[in-house]
Amino acid sequence: MPEYKAPLRDIKFVMTELLNSEQHYTNLEGAEDATPDMVDAIIQEGAKFCEQVVSPLNRVGDIEGCVWSEDGVKTPTGFKEAYQQYIEGGWPSMTADTNYGGQGLPSSLGIVMSEMMGTCNWSFGMYPGLSHGATNTIEEHGTEEQKQTYLTKLISGEWTGTMCLTESHCGSDLGTLRTKAEPNADGTYSITGTKIFISAGEHDMAENIVHIVLARLPGAPEGTKGISLFIVPKCLPNEDGSAGDRNAVSCGSIEHKMGIHGNATCVMNFDGAKGWLIGPENKGLNCMFTFMNVARIGTAIQGLGAAELGFQGSLTYAKDRLAMRSLSGAKNPDGIADPIIVHPDVRRMLLTQKAVAEGARALIYLTAQQADIVQRGKTAEERKAADEALGFLTPIAKAFLTEIGYEAANLGMQVYGGHGFIAEWGMEQNVRDARIGMIYEGTTGIQALDLLGRKVLMTQGESLKGFTKQVHVFCKENADNEQMKEFIEPLAAINKEWGDLTMKIGMTAMKDREEVGAAAVDYLMYSGYAVFAYLWARMAKVALDKMADGTSEEMFYNAKVQTARFYFKRLLPRTKTHAETMLAGSGSLLDMPEEAFAL
Ligand SMILES: Cc1cc2nc3c(=O)[nH]c(=O)nc-3n(C[C@H](O)[C@H](O)[C@H](O)COP(=O)(O)OP(=O)(O)OC[C@H]3O[C@@H](n4cnc5c(N)ncnc54)[C@H](O)[C@@H]3O)c2cc1C
């Protein structure tokens, strides 16, 4: 089992050297407490908590899983105690509203903690992650009374939250959901229906669980325009704010699943449970959209975590494991064989994992900074620009990172050879845990439609231009820099091609709507590699500048440049396939009649 070590040097590199977090926090409204010393202290403490308390429970969670009984769901050994320590450390309140007991720190700082916790134990990190989603929803759309009742408890961590959207017949297509909400005389609602796959739906870590539930009011319009949002607590709050009688909501069963065993994925039955409307009637989905971007960054972190954990495990193994000799002559002549890290193919796997993990960190932190600006930017103009950038980057971060994070996790298993397939090394758990990232919070296919359809084509390419303009400026600034030539030339070419491909798809889509669906996933993957190219070029620039100025960390910065070089030479060329495929048209997918798919 790999022992998780928080990658503090790289976290610092991305935050301060690449994204200038010090300046970023100074520019935000109400982020005075996020001083460099404070930020550093929080990350150090968070790393300690993750390494010492959360990481050791990763394997336990996988082996034991969650156990259902009529008295409730039991989480794996140690989860409850670790969660108590998480509360005592004040972690749930870090980025929450100060009016309800939060510490008011910027949400990008919370993302760093989510990265460390999610990497070392994704199943555990999901419990507070879901609470964060519920907190955001109530913060944004709840009444003052709802905030007083629920926010303080969620923010302290005493109560946890869930998001109840999916039903057995619908996950992507929420417009068809059937859960009913009947109004009661006292202004509350009776919620009836069954939700499935509800993460953290029932457990023994907190005294109460606040379910955020999508349901339909009587006579509501069909489809997505007739969905409303409700708070349905497991235990009804007493006058004094404590958890009171059980509400008519219960866990029917726990799903038996491929991975993330430590997180309880529950079937939740609502049998006339008492609920309270959040936001306006029939606007439930709009209310959810306001925090969905943040929730999706949360899932994107799973891709980063899978790559990082796979890399940490395989790096240690590749230095220890001896097998055959280097083709250019023995590198470990005193040993029975050379360590496998000398072999080019093992290097390919390690460098892919490293390029994915570090590139993912850069993309997630960049996206999180946009979320900070949306929440706390000083002018309406900068908030609007950040909102557009966030909308554009989010589907890319969510889908691209979970896809390539999964690939990197799989490579982790490959580096270990047969041992990778054996449970005790932790690599196969990492693969199993990572697989869900491409499915929940909107599948890759759904994210791709969001990117190409809603974000790019519906804005006539404006959102894409917002990004490619930045890339263009960067390329121009570095056009005469000889050392950057190997990065700038391909980056400039891809930046231009990205716009050209978008135009072509836009034109064909005007004649045939199916073209959008046919091109979407390749377009998304292409976009992911293009965004990575920009970020890797920028990281190379920072590293080259540091080395030119003289540094005691030559090896660290040199590795950055080498990894950037690997990315440009060996991963970016994948865009060629995606470019060709996205233009292949819908015919090769749709011409075959459905009946011809006969078994
Ligand atoms: C472990 C786990 C935890 C989960 N946690 C939660 C949770 O906490 N809360 C919650 O509400 N839900 C949760 N989910 C549910 C999850 O969000 C859904 O499973 C997911 O959104 C997909 O929905 P679906 O399963 O209905 O698949 P479907 O929507 O039936 O999709 C099936 C396939 O069809 C594709 N597809 C569907 N429509 C289109 C289209 N228009 N164009 C192209 N392709 C399309 C999809 O991409 C997918 O490949 C969880 C699921 C799992 C497995």
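First listed ligand is number 1; within each ligand, the first listed atom is number 1. Everything quoted here is computed from the prediction, not taken from an experiment.
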*Quick one: does Gln302's side chain have a donor or acceptor within less than 3.5 Å of a partner on Asp433's backbone?*
yes
**Asked** Which class fits the ring pair Tyr529 and His578: parallel under 30°, tilted 30 to 60°, perpendicular over 60°?
**Response**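 Ring orientation of Tyr529 relative to His578: parallel.
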Under 4.0 Å from [atom], do we find at least one protein heavy atom?
atom: atom 49 (O) of ligand 1; result: no
atom: atom 34 (O) of ligand 1; result: no
atom: atom 30 (O) of ligand 1; result: no
atom: atom 4 (C) of ligand 1; result: yes

Applying side-chain contact (heavy atoms from CB on, under 4.5 Å) to Thr95 and not counting sequence neighbours gives His132
side-chain contact (heavy atoms from CB on, under 4.5 Å) involving Ser93 - partner list, sequence neighbours excluded
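Checked Ser93 against side-chain contact (heavy atoms from CB on, under 4.5 Å); matches are Gln103, Ile155.
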Distance col, row Ser69:OG vs Glu202:CD, nearest 0.5 angstrom, shows 9.0 Å
query = Could you give the distance from CD1 (Ile138) to CG (Asp97), rounded to the nearest 0.5 Å?
reply =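 Here the interatomic distance stands at 12.5 Å.
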Note: ligand 1 atoms sitting under 4.0 Å from heavy atoms of Met163 are 7 (C), 8 (O), 9 (N), 10 (C), 11 (O)
For Ser199, the atoms of ligand 1 under 4.0 Å from one of its heavy atoms are 3 (C), 4 (C), 5 (N), 6 (C), 7 (C), 8 (O)
Just go through Thr162, Ile436, Thr166, Thr443 and tell me whose heavy atom is the nearest to atom 1 (C) of ligand 1.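 Among Thr162, Ile436, Thr166, Thr443, the closest heavy atom to atom 1 (C) of ligand 1 comes from Ile436.
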Point to revise | From Ile439, Leu214, Leu177, Leu130 - option closest to atom 20 (C) of ligand 1 by heavy atom | key: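 Comparing heavy atoms across Ile439, Leu214, Leu177, Leu130, the nearest one to atom 20 (C) of ligand 1 lies in Ile439.
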Ligand 1 and Ile196, any nitrogen or oxygen pair closer than 3.5 angstrom? no
